[in-house]
Peer 1: 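Dumping the structure here so I can ask a few things about it.
Remember, it's 1-based here, ligands and their atoms both numbered in the order they're listed. Hydrogens, waters and symmetry mates play no part in the numbers below; they use all other heavy atoms, side chains included. Each residue takes its place number in the sequence, starting with 1.
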Amino acid sequence: MTQAHIPYGRQSIDEADIRAVEAVLRGAWLTQGPTVEAFEDAVARRVQARHAVAFSSGTAALHGCTAVVGLGAGDLVVTSPLTFMASANCARYVGASVGLVDVRPETLNLDIGQIPAEADAVVAVHYAGLPVDLRDLNVRPRVVIEDAAHALGASTPDGPVGNCARSDMCMFSFHPVKPVTTGEGGIVTTNDDSLAEKLRQFRSHDIERTPDRGAWAYQISEIGFNYRMTDIQAALGLSQLTKLDTFIHRRNELADRYRALLAPLPVELPPEAPQGFTHGYHLFAVRVRDRERVFNGLRSAGIGVQVHYVPVHHHPISVDIGVGSGELPACDEAYEQLISLPMFPDLTVSEQDRVVATLASLVQ
Ligand SMILES: *Cc1c(COP(=O)(O)O)cnc(C)c1O
């Protein structure tokens, strides 16, 4: 008997989410309108930031971050090699150079102690939902951006990720596998009034209203984009946000259960959240020897494992960075062994048991 496919990540949508989207579809606004504003307010309140500016994707939101602080040619933007390419591309979009520093094996987050003094900006990625400890940033670059695509609902001793206690801006993604979803979508939180205003203009063609010249009048001074979120998406996001705490609690329960069940196996467990931190557990990425065989075995058994990530410096586009594959040893060694096991709020205990039993049969 073939068993049902278990993905590595999946959205949790309920009837309340569907009704919230339906209500917008029956109303007057489809594109960015009052529901986007309500969603922004709700996210800002949830993460204790002054402002939240919604975007059409997390990638667009990251582009907004690098653009509004004026990063460009000649500037160095340092990020983690163990991330999705968008964390690096947000530098390339504005003509800045990408720099990489290796990860710390004990967290798999970039080693912010290694950021060179000449860096103009850092994009700190909270890998798997475990927040980077920004208190370790001894030389602060001009711009600190958090790529918190994995980490809505996570926290540090400074408070919720997104409160920008030690950063200028923090980006969240609402892709379906992320902590909450809007289908596609992203948001930037900040405590800086001027950055918030610039982000709002950047996402909508840099349109600035000039009512002193007439009720119709506006001006455009900088290059802008159409990176707006729709009210349809924001309605889903607002409804999803009410379940964030439940989702993160469930992810942590599943992580504890994986840890207990996998403890006897020759499998290296993911880094745990230090005292005072809450892990978001977007991913549960274990390390195994002979990864290719184990990966293929799990996939053949209908278990949708994934590898996060093919490192930034392994891709042909990254020839501009000048760091070869193998030259960031902690990242390169982790990459050889990482496998993301299924982790999402609706994963059942019996599905999890099936993942563990299949993994056990492959590693022993
Ligand atoms: C998902 C993700 C992004 C991009 O978000 P999208 O909403 O898919 O554009 C950026 N960085 C990281 C680390 C991600 O996982």
Side-chain angles (χ1 to χ4, degrees), residues 7-11 36 39 43 52-67 77-94 98 100 103 107-110 112 121-132 144-154 161-162 167 169-189 199 202-203 225-230 233-234 236-237 240-241 251 270 279-285 306-315 317-318 331 334-335 338 340 343-344:
Y8 88 85
R10 185 175 62 203
Q11 70 275 15
V36 168
F39 180 51
V43 171
V53 182
F55 281 82
S56 51
S57 71
T59 303
L62 278 175
H63 184 187
C65 291
T66 52
V77 181
V78 172
T79 191
S80 171
L82 194 62
T83 187
F84 186 57
M85 191 58 79
S87 315
N89 277 347
C90 65
R92 294 186 176 116
Y93 296 150
V94 295
V98 181
L100 298 174
V103 298
T107 62
L108 295 181
N109 280 325
L110 88 166
I112 54 176
V122 59
V123 176
V125 183
H126 304 309
Y127 177 81
L130 177 61
V132 178
V144 178
I145 298 165
E146 294 174 74
D147 178 338
H150 301 180
L152 184 62
V161 171
S167 68
M169 289 169 283
C170 180
M171 180 282 292
F172 296 104
S173 164
F174 304 118
H175 178 281
V177 297
K178 304 288 164 78
V180 301
T181 190
T182 60
E184 295 279 5
I187 210 161
V188 180
T189 61
L199 288 163
F202 178 80
R203 74 168 164 195
F225 293 83
N226 178 353
Y227 278 165
R228 293 186 301 264
M229 178 181 277
T230 65
Q233 293 165 308
L236 178 55
Q240 286 266 297
L241 202 59
R251 285 177 182 272
H279 202 313
Y281 281 115
H282 163 58
L283 301 175
F284 194 86
Q306 194 48 277
V307 172
H308 295 96
Y309 291 89
V310 177
V312 169
H313 59 299
H314 290 208
H315 292 277
I317 189 182
S318 295
C331 172
Y335 167 58
L338 284 168
S340 301
M343 170 57 90
F344 51 92

Peer 1: Would Ser173 count as a polar contact of ligand 1, with the cut-off being nitrogen or oxygen pairs under 3.5 Å?
Peer 2: yes
Peer 1: Are the side chain of Glu184 and the backbone of Ser57 linked by a donor-acceptor contact shorter than 3.5 Å?
Peer 2: no
Peer 1: Just by distance, no angles: are the side chains of Ser167 and Glu146 close enough, under 3.5 Å, to form a donor-acceptor pair?
Peer 2: yes
Peer 1: Output the list of atoms in ligand 1 that are nearer than 4.0 Å to some heavy atom of Ser87, sorted by atom number.
Peer 2: 11 (N)
Peer 1: Is there a side-chain contact between Asp147 and His126, using heavy atoms and a 4.5 Å cut-off?
Peer 2: no
Peer 1: Nearest non-hydrogen contact with atom 15 (O) of ligand 1 belongs to which option: His150, His282, His63?
Peer 2: His150
Peer 1: Taking Ala149's backbone N and O only, do any of them form a donor-acceptor pair with His175's side chain (distance below 3.5 Å, no angle check)?
Peer 2: no
Peer 1: If you measure every N or O of Glu184 against every N or O of ligand 1, does any of those distances drop under 3.5 Å?
Peer 2: no
Peer 1: Please report the shortest heavy-atom distance between Thr66 and Ala91, naming the atom on each side.
Peer 2: CG2-N, 4.3 Å
Peer 1: Around atom 2 (C) of ligand 1, find the nearest protein heavy atom and jot down its residue, atom name and distance.
Peer 2: Lys178 NZ, 2.6 Å
Peer 1: Check for me whether Gly186 has a heavy atom closer than 4.0 Å to any atom of ligand 1.
Peer 2: no
Peer 1: Can you see which heavy atom on Phe344 is nearest to which on Arg10, and at what distance?
Peer 2: CE1-NH2, 3.4 Å
Peer 1: Is Ala60 in contact with ligand 1, taking contact as a heavy-atom separation below 4.0 Å?
Peer 2: no
Peer 1: Please determine whether any non-hydrogen atom of Tyr309 lies less than 4.0 Å from an atom of ligand 1.
Peer 2: yes
Peer 1: Just by distance, do the side chain of His279 and the backbone of Tyr281 share a donor-acceptor pair under 3.5 Å?
Peer 2: yes
Peer 1: As an exercise, identify every atom of ligand 1 less than 4.0 angstrom from a heavy atom of Ser57.
Peer 2: 7 (O), 9 (O)
Peer 1: Among protein heavy atoms, which sits nearest to atom 11 (N) of ligand 1, and what does the distance come to when rounded to 0.1 Å?
Peer 2: Asp147 OD2, 2.8 Å
Peer 1: For ligand 1, which atoms, with element, lie under 4.0 Å from some heavy atom of Gly185?
Peer 2: 7 (O)
Peer 1: May I ask you to test the His150-Leu130 pair for a side-chain heavy-atom distance under 4.5 Å?
Peer 2: no
Peer 1: Considering both backbone and side-chain atoms of Gly58, is one of its nitrogen or oxygen atoms within less than 3.5 Å of a nitrogen or oxygen in ligand 1?
Peer 2: yes
Peer 1: Return the residue, atom name and 0.1 Å-rounded distance of the protein heavy atom closest to atom 4 (C) of ligand 1.
Peer 2: Thr59 OG1, 3.5 Å
Peer 1: To which of Thr79, Thr83, Val123 does the heavy atom nearest atom 13 (C) of ligand 1 belong?
Peer 2: Thr83
Peer 1: Between Phe174 and Ile187, is a side chain to side chain contact (heavy atoms under 4.5 Å, CB included) present by the stated rule, with each step listed?
Peer 2: CA-CA 8 Å; Phe174 304 118; Ile187 210 161; 3.7 Å; yes
